[in-house]
Amino acid sequence: MKKFTNTLLAAGFVAGAFTVQAQENPISANFALTTDYIYRGISQTSGGPALQGGFDYAHESGFYVGTWASSITFDDSIEIDYYGGFTGSLTDGLDYDIGFLYYDYPGASNDDFLEFYAGLTYAGLTGKVARTNDFFGGTGEAYYYTLDYGVSIMEGLELGLHYGYSDFDQEVFGTKDSYSDFVVSLGTSVAGVDLSVALTDTTLSSSDCGSSDCDSTITFAVSKSF
């Protein structure tokens with residue numbers, strides 16, 4: 001999730017991208033090892049590695065549900081997410097995704113929160129907005145706006161671009177009530193295993209964040225889907 005003071009889903013690179021596509025086998029699983037868990041530009045593991053994984057069910061109607069978890073370095077060192085929604089097509093080439101995402105921190109219920117999201121995708125470009133009325137740590141209403149673009153730049157090599165804007169109804173980082181995050185990632189598959197590298201940055205300084213968790217970071221990940 002996020003930590004205030006201290007967009008490849010399984011690797012934590014594409015924040016909020018929990019869209020699940022219906023497959024021949026409706027039940028799938030994923031597992032990843034990443035050198036850092038980055039959520040909306042902020043490290044959740046104080047710059048250290050994380051183990052992550054989850055399970056999804058996707059129906060041919062577009063309905064999906066799933067759960068995903070990651071090790072973190074606060075709130076008893078685990079985050080468990082539960083999500084569900086519906087995806088489909090409005091017109092030829094224009095897809096939509098609506099749903100919810102619940103962030104659970106076992107043993108620290110004051111940090112749990114529920115978020116609703118809606119997004120549109122066309123020609124590799126996805127725009128999405130997420131809203132919660134009680135963000136992490138009781139910080140109140142918050143919105144997260146994203147633009148993501150993915151394209152194949154050569155056979156077997158995918159480029160991902162992400163921009164995110166977090167807007168809070170109160171000052172969270174010192175005197176700031178908003179910030180932006182950016183990701184540039186490359187991904188490929190080798191022998192059925194997904195490999196990725198991402199450069200992440202934010203408009204927050206170390207003094208804003210209270211640590212180096214908001215600084216620019218290069219992250220590597222290895223993941224596998226079943």
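Worth knowing before you read on, the calculation uses all heavy atoms, side chains too, and leaves out hydrogens, waters and symmetry mates.
- Taking the six-membered ring where tryptophan is involved, the planes of Y145 and Y143 are essentially parallel, since the angle between them stays under 30° and well short of 60°.
- Aromatic rings of F31 and W68 (six-membered ring for Trp) have centroids beyond the 6.0 Å cut-off, not under it.
- Under the 4.5 Å side-chain heavy-atom criterion for ILVMFWY residues, a single connected hydrophobic cluster contains both V197 and V151.
- Among all heavy-atom pairs drawn from D213 and G47, the shortest one is OD1-N, 4.4 Å.
- Between S196 and F220, every side-chain heavy-atom pair lies at or beyond the 4.5 Å cut-off.
- With a 4.5 Å cut-off on side-chain heavy atoms, L90 and D95 do not count as touching.
- The side-chain heavy atoms of R131 and E141, taken from C-beta on, include a pair separated by under 4.5 Å.
- Between D194 and K224 there is no salt bridge, since none of the side-chain N atoms of the basic residue sits less than 4.0 Å from a carboxylate O of the acidic one.
- Donor-acceptor pairing under 3.5 Å is lacking for the side chains of Y144 and E115.
- The CG atom of D181 sits 10.0 Å away from the CD1 atom of I38 when rounded to the nearest 0.5 Å.
- Every residue two or more places apart in sequence or in another chain was checked for a side chain to side chain donor-acceptor pair (under 3.5 Å) with T132, and none qualifies.
- T219 and D36 share no donor-acceptor pair across their side chains, judged by distance under 3.5 Å alone.
- The shortest non-hydrogen separation linking D104 to P106 is O-CD, 3.5 Å.
- Closest approach of S46 to T73, counting heavy atoms only: OG-OG1, 3.3 Å.
- The backbone N or O of T188 lies less than 3.5 Å from no partner atom in the side chain of E158, so there is not a single donor-acceptor pair.
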>> Run D169 and D177 through side chain to side chain contact (heavy atoms under 4.5 Å, CB included) and show every step you take.
In response: CA-CA 7 Å; D169 71 349; D177 60 5; over 6 Å; no
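- Between the side chain of S77 and the backbone N or O of F74, no donor-acceptor pair lies under 3.5 Å.
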>> Would L101 and D81 count as a side chain to side chain contact (heavy atoms under 4.5 Å, CB included) here? Give the steps.
In response: CA-CA 7 Å; L101 176 56; D81 301 337; 3.8 Å; yes
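- Rounding to the nearest 0.5 Å gives a distance of 5.5 Å between CG of L33 and CG of L51.
- For Y103 and F113, the ring centers sit closer than 6.0 Å to each other.
- Both L159 and Y149 belong to a common hydrophobic cluster when Ile, Leu, Val, Met, Phe, Trp and Tyr are linked at side-chain heavy-atom distances under 4.5 angstrom.
- A distance-only check finds no donor-acceptor pair linking the side chain of S70 to the backbone of Q52 [under 3.5 Å].
- The structure places OG1 of T87 at 14.5 Å from NE2 of H59, a figure rounded to the nearest 0.5 Å.
- Proximity of F168 to Y179: side-chain heavy atoms (C-beta onward) are separated by under 4.5 Å at one or more points.
- Hydrophobic clustering (ILVMFWY, side-chain heavy atoms < 4.5 Å, transitive): F135 and F116 are in distinct clusters.
- Here the side chains of D148 and T121 are not in contact, with every heavy-atom distance at 4.5 Å or above.
- In this structure, Y64 and Y83 have tilted ring planes: the angle between them lies in the 30° to 60° band.
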>> One pair to check against side chain to side chain contact (heavy atoms under 4.5 Å, CB included): I153 and L186. What are the steps and the verdict?
In response: CA-CA 10 Å; I153 56 177; L186 290 172; 3.9 Å; yes
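- In this structure, the separation between CG on L161 and OG on S185 is 7.5 Å, given to the nearest 0.5 Å.
- Side-chain N or O atoms of T200 include none that pairs as donor or acceptor with a backbone N or O of V183 at under 3.5 Å.
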> Taking it one step at a time, do S180 and T203 satisfy side chain to side chain donor-acceptor pair (under 3.5 Å)?
Replying inline: CA-CA 6 Å; S180 297; T203 55; 4.6 Å; no
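- The pair D208-K176 counts as a salt bridge, with a side-chain nitrogen and a carboxylate oxygen less than 4.0 angstrom apart.
- When all heavy atoms of F136 and D111 are compared, the closest pair comes out as CE1-CB, 3.4 Å.
- Side-chain contact, Y37 with S71: no donor N or O sits under 3.5 Å from an acceptor N or O.
- Two residues are said to be in side-chain contact when any heavy atoms from C-beta on lie closer than 4.5 Å; D56 and N30 meet this criterion.
- Annotation: side-chain contact (heavy atoms from CB on, under 4.5 Å) contacts of F86 (sequence neighbours excluded): S61, F63, Y96, I98.
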> Step by step, would you call I42 with Q44 a side chain to side chain contact (heavy atoms under 4.5 Å, CB included)?
Replying inline: CA-CA 6 Å; I42 302 175; Q44 306 301 286; 3.9 Å; yes
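- In this structure, the ring of F100 has its center no less than 6.0 angstrom from the ring center of Y117.
- Using a 4.5 Å cut-off on side-chain heavy atoms (C-beta onward), S178 and Y165 make contact.
- The two residues Q170 and G140 come nearest to each other via the heavy atoms NE2-N, 3.8 Å.
- Atom CD of E79 and atom CG of D112 lie 10.0 Å apart (nearest 0.5 Å).
- Scored by the side chain to side chain donor-acceptor pair (under 3.5 Å) test, T67 finds no partners at all (sequence neighbours excluded).
- Using a distance-only test at 3.5 Å, with no hydrogens or angles considered, no donor-acceptor pair links the side chain of S212 to the main chain of D215.
- The hydrophobic cluster containing Y82 does not contain F55, counting ILVMFWY residues as joined when their side-chain heavy atoms lie under 4.5 angstrom apart, directly or transitively.
- To the nearest 0.5 Å, the span separating CD1 on I78 from CD1 on I72 amounts to 8.0 Å.
- Pairing each heavy atom of L125 with each of L147, the nearest pair is CD1-CD2, 4.4 Å.
- Contact annotation: the side chain of D92 never approaches that of L94 to less than 4.5 Å [non-hydrogen atoms, C-beta and beyond].
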